[in-house]
Amino acid sequence: MKLINKITIWFLGVILLVTPVTMFISRNNIKKHLDQAEISRMTAVNDHVYKQLLAGGKPDHYTHGRPIEVSLYQGEMPQQKVQVRKENLAEDDMVKKECRISVDSYYPIGNQIYKISSYNFVLNSQEIFDGMLYTVAWKMLMMVLGVGLTARFLSRIILQPFYRAMKAIKHFDLKRGDSKLQLPHTTTKEFQELNAFLQKMTDKAAADYAAVKEFSENASHELQTPLAIVRSKLDLLSQTEIDDRQASLIGDMQSAIERLSHINRSLVLLTKLENQEYKTEEDIKFCTVTKQVMATYEDWIKMKDIRLRSNLDKNVSLQIHPVLAEILIGNLLSNAIRYNNTGGQIRIDLTRQWLRISNTGHPPDLPTADMFRRFKKGNQCNESTGLGLAIVKQICDVNDFSVTYQFEQGWHEVMVKFHQSESPTVADSGDNSREGQLAVSG
Amino acid sequence: MKVLIVEDNRELSSGIADYLTGEKYICEPAYDFETASEKLALFTYDCILVDIMLPDGNGLELLKQIRRDDIRSGILIISAKDALDDKVKGLDEGADDYVIKPFHMSELHARLRAIYRRKKLEGPSNLVSFNEIELNTDTVEAKVNQQVLDVTRKEFDLLLYFIVNKNRVLSKQAIAAHLWGDYTDNLANFDFVYQHVKNLRKKISTAEGTDYIETVYGLGYKFNTSKQ
């Protein structure tokens, strides 16, 4: 629920609660004042009549046409000189809406006690209430409309810095070089605090990100340079007069350097993937990349006498960095070749929803769960760094693909599903299929 | 060929200079941005090797200077960063090619040679020849004794690599990296290299060319020009 709706509802709740209470209080007050005024007036009238009686004048003239009654009172002088009676006379329709107030005043004149009574009709409290109800209904309607409209109108003005700050955060991207959060100026204290906090947080994140990025770049640089030196010196050494034994030693060193530089490069790539550095907004033709990669490995496939069958849909376009696409397919295909038997088979299927690369080969000897972990290898063969599938996994994670592996009836099968939500569910093939690890390549 | 090596690491710089001097190049080192900038202002070079990360500046800035001063040298970037934007930026700034550390000397040399050829700084730019072997880099055609050799693209590249780095021992790793690139993620397809070299030698022999390529046991191969 929107903040402004919540506030509006609370306001309306308060109005609905307070209005009846105030109505009740006003009704009582009005009634009390009306009655009081009438009583005071009638008491004064009674006093006036008494004074006329005292003066010996005939009150007829004054009381004429007024509901005043003068009588002799038999008995003791009452304690209260003025007595008030309120009566509801229900028999008459006209009178029903009113109530009669009688004021009896007792005056001792000589030995006798005179009672002067006057009465009048005042509005019944129910009548006042009915009258008020109409007003209150209008008042409430206007308040509800007023609150609703004002809230909507004000929220545009008052909450605007908040909405703009939210928009700014939404569009904030650490990967952009100029990732400085631009927040609108506000005079509201809370929003000022919020903005200051956001600014501080994003600045910190940007600084951290820059530091991590710098580290990964520096690490790669610092390691690559010594490696380059060793390699250059080995190259120079192999140009000198060397015997077979020395040549073979240099050869071994070259292999080790090769391996080291591959591992380093792969780790740097993984770091960069984790840093989400390979973001792209462009679509590439995944099918074309697949074909290119297949062409690259053609020689190797031919040499191992592997039969490659491919079934690629045309116009498969995906939003992925072209280099990542190449690495993804390359790693999977090179695995499929490396762990294949000589004279084996490879199948590549590509649709708009998924890419599947399957190959024949020995059953895996490590559990499936470990398969995509770093430095996990099926057999400790020298040709592998154990990072190939870890990179595949990371590339899939970055691009919201899912990757699964299974081994069934002599076929290793790696399935990459693009856009997990859209992809149709592919039935798990067979309960008794042996799942296991495809040895990870480097 | 006169080459300026802009590389802050003295050992690597001297390694490169050693190798290139062996190819009769004249090499001058510049260990920092300042020196490189000065040398570029004073002398002319056929090729410039530029490391991106320098202690007192960015190699890319140097490229800007080269372009501003209209220096027509071939430029090869040496980079430890294989961050993609660096490559693209470097090429945008007028670099001709790049190598990523750690590189093989033979690879560096081959790239340098290719830039040199492309810039048409020597002879007929698309022809590379050695004795009876003649390679046309534009048409990807190899001739031995004027007879066209039926070679694949890879075999052509391999032969070119050998001739450019003649009399050098080329490790199997260097050859593999040259032919299949670094990204392929295959650690040393040595059988592969062996297969290609074997095929190439057979084809040259069939065309009655001299079998210059010899095996260096345990290490790689060498294009030996003194072979008869």
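Below, read A as the first sequence line, B as the second, and so on, with proteins coming before strands; counting in each chain starts at 1.
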So does [Y] get a backbone contact from the side chain of [X], meaning a donor-acceptor N/O pair under 3.5 Å?
X: B:Lys172; Y: A:Ser255; value: no
X: A:Asp244; Y: B:Tyr217; value: no
X: A:Glu258; Y: B:Gln173; value: no

Specify the closest pair of heavy atoms between [X] and [Y], including all atoms of both residues, with the distance to one decimal.
X: A:Ala247; Y: B:Val216; value: CB-CG1, 4.0 Å
X: B:Pro102; Y: A:Arg231; value: O-NH1, 2.6 Å
X: B:Met105; Y: A:Asp235; value: N-OD2, 2.7 Å

Legend entry - For chain A, which residues of residues 198-206 of chain B have heavy atoms nearer than 4.5 angstrom: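 When heavy atoms of chain A are the reference, residues 198-206 of chain B contributes no residue within the under-4.5 Å range.
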Legend entry - Residues from residues 18-30 of chain B approaching chain A under 4.5 Å (heavy atoms):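 Heavy-atom contacts from residues 18-30 of chain B to chain A are B:Asp18, B:Tyr19.
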Legend entry - Heavy-atom pair count under 4.5 Å with chain A, highest-scoring of B:His196, B:Glu7, B:Arg168: B:Arg168
Legend entry - Which atoms of B:Lys222 approach chain A - backbone, side chain, both or neither, heavy atom under 4.5 Å: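 For B:Lys222, no heavy atom lies under 4.5 Å from chain A.
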Inset, instruction - Measure distances from B:Gln195 to the heavy atoms of chain A and classify the residue's part below 4.5 Å as side chain, backbone, both or neither. - result: side chain
Roughly how far, to the nearest 0.5 Å, is [atom2] of [Y] from [atom1] of [X]?
X: B:Leu219; Y: A:Ser248; atom1: CG; atom2: OG; result: 9.0 Å
X: B:Ile100; Y: A:Gln224; atom1: CD1; atom2: CD; result: 8.5 Å
X: B:Lys154; Y: A:Thr296; atom1: NZ; atom2: OG1; result: 6.5 Å
X: A:Lys233; Y: B:Ser14; atom1: NZ; atom2: OG; result: 3.5 Å

Inset, instruction - For a side-chain contact (heavy atoms from CB on, under 4.5 Å) with A:Thr225, tell me which candidate from B:Asp8, B:Ile78, B:Asn9 qualifies. - result: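 By the side-chain contact (heavy atoms from CB on, under 4.5 Å) criterion, A:Thr225 pairs with just one of B:Asp8, B:Ile78, B:Asn9: B:Asn9.
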Inset, instruction - Evaluate side chain to side chain contact (heavy atoms under 4.5 Å, CB included) for B:Leu12 paired with A:Ser232, printing each intermediate quantity in order. - result: CA-CA 7 Å; B:Leu12 184 57; A:Ser232 74; 3.9 Å; yes
